[in-house]
Each structure stands twice: as C-alpha cells, then as structure tokens.
Amino acid sequence: VQLAESGGGLVQAGGSLTLSCTVSGRTFTDYAMAWFRQAPGKERIFVADIARDGENTGYADSIKGRFTISRDNAKNTLYLRMNNLQPEDTAVYYCAAKWGFQSVWSRNYEYWGQGTQVTVSS
C-alpha cells in the first residue's frame, strides 16, 4: 500500500487547510485510516481516525470540533479538514492505513505516508 499526503503549507492562526492522502496498491475499503502528527522534538500523536466505510470517526481531544476526517472510497482518498488552526497545530501530519478496524495507537498501523508539513503562524 502506498500513501501520499498533500495539502500542507503555511497558514495564519485562525485559518484553514485541507490535507489529502491518496492510497494505492490495495483495496482502500479494507483499511481503516488515520491521521497522526509530530511536532519538532515530540512524539508522533494521534489526531483522528475513520472506519473503512467512513461511518465511524474518532478525534483527539485537542482538535475535536476544529478538525474533520473523511474519506472518499470511490477516489481512494482520505481527507483532514482543519479549521481555526493554532500555532500548537504546527507539525508534520502523516496519514496511516490499518487493515481492519480503527485504532488510536500508531504501532497498529501498517502503512504510512511520507508526511506533509503544516505551519501555523501567530
């Protein structure tokens, strides 16, 4: 499975971005998907996940109400809509794929993208 993120960039506080993750190589609907992020000098942490059919989603408390995860199974693409971005959201954002059910634990995800940088200025 190959994952490729896009959509990162520099944005002012309060702004919005939408990240995309295009998946190829396997049947997209076999995989739960998630977004993680890693700030400089910090561990990679869970942001959001979504079930194979898109019906169930989960979010980290720090971004709940501001970020929305979604997927388009016809396009083999995962999204993360990020609103009201804050400087503390600055990080490299990674998409990840896991066969079967969702998980908040990065160690359970088998496939990862290369990451896309999101920088939020104050």
Side-chain angles (χ1 to χ4, degrees):
V1 178
Q2 290 80 46
L3 287 71
E5 301 100 335
S6 61
L10 174 64
V11 63
Q12 289 187 332
S16 299
L17 283 174
T18 298
L19 305 182
S20 300
C21 173
T22 302
V23 179
S24 61
R26 294 286 175 91
T27 303
F28 186 52
T29 50
D30 284 343
Y31 293 85
M33 301 294 298
W35 289 97
F36 291 80
R37 68 186 184 186
Q38 187 167 17
K42 296 187 177 181
E43 294 184 349
R44 189 174 301 188
I45 62 172
F46 171 77
V47 174
D49 61 15
I50 188 166
R52 289 171 291 176
D53 61 3
E55 290 296 313
N56 189 39
T57 58
Y59 296 93
D61 287 343
S62 61
I63 56 87
K64 199 173 292 184
R66 298 188 297 125
F67 292 10
T68 303
I69 189 171
S70 63
R71 63 191 293 165
D72 185 337
N73 286 343
K75 296 182 178 179
N76 288 4
T77 303
L78 173 73
Y79 302 98
L80 184 69
R81 174 65 177 178
M82 306 184 292
N83 294 327
N84 191 22
L85 283 160
Q86 300 300 315
E88 54 265 34
D89 296 316
T90 295
V92 177
Y93 283 72
Y94 298 90
C95 64
K98 175 187 176 297
W99 192 91
F101 298 103
Q102 299 154 265
S103 173
V104 301
W105 303 107
S106 60
R107 62 178 178 267
N108 291 336
Y109 284 80
E110 300 132 309
Y111 303 101
W112 293 82
Q114 80 287 352
T116 186
Q117 177 70 46
V118 172
T119 303
V120 185
S121 63
S122 57

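These values consider heavy atoms only, across backbone and side chains, with no hydrogens, waters or symmetry-generated copies.
Of the possible polar contacts, none joining the W112 side chain to the L3 backbone as a donor-acceptor pair under 3.5 Å is found. Side-chain atoms of Y109 come within 3.5 Å of backbone N or O of S103 as a donor-acceptor pair. In this structure a side-chain-to-backbone donor-acceptor pair under 3.5 Å is missing from E88 to S62.
The CZ atom of R37 sits 9.0 Å away from atom NZ of K42, with the distance rounded to the nearest 0.5 Å. The distance from atom CG of N73 to atom CE of M33, rounded to the nearest 0.5 Å, is 10.0 Å. Here the OG1-CZ distance, from T77 to F28, works out to 6.5 Å after rounding to the nearest 0.5 Å. Distance CZ/F67 to CG/L19: 8.0 Å, rounded to 0.5 Å. The line from OH of Y31 to CG of N76 is 11.5 Å long, rounded to the nearest 0.5 Å.
Each salt bridge (Lys or Arg N to Asp or Glu O under 4.0 Å) pair with one or both residues in residues 45-72, not counting sequence neighbours, appears once here: D61-K64, R66-D89. Sorted pairs that involve residues 4-32 and meet salt bridge (Lys or Arg N to Asp or Glu O under 4.0 Å), not counting sequence neighbours, are lacking altogether.
The shortest distance between side-chain heavy atoms of K98 and E110 falls below 4.5 Å.
Closest non-hydrogen pair, V47 versus I63, comes out as O-CD1, 3.4 Å. Closest of all the heavy-atom pairs between C95 and L78 is CB-CD2, 3.9 Å. Contact record, A39 with A91: N-CB, 3.8 Å, taken as the closest heavy-atom pair.
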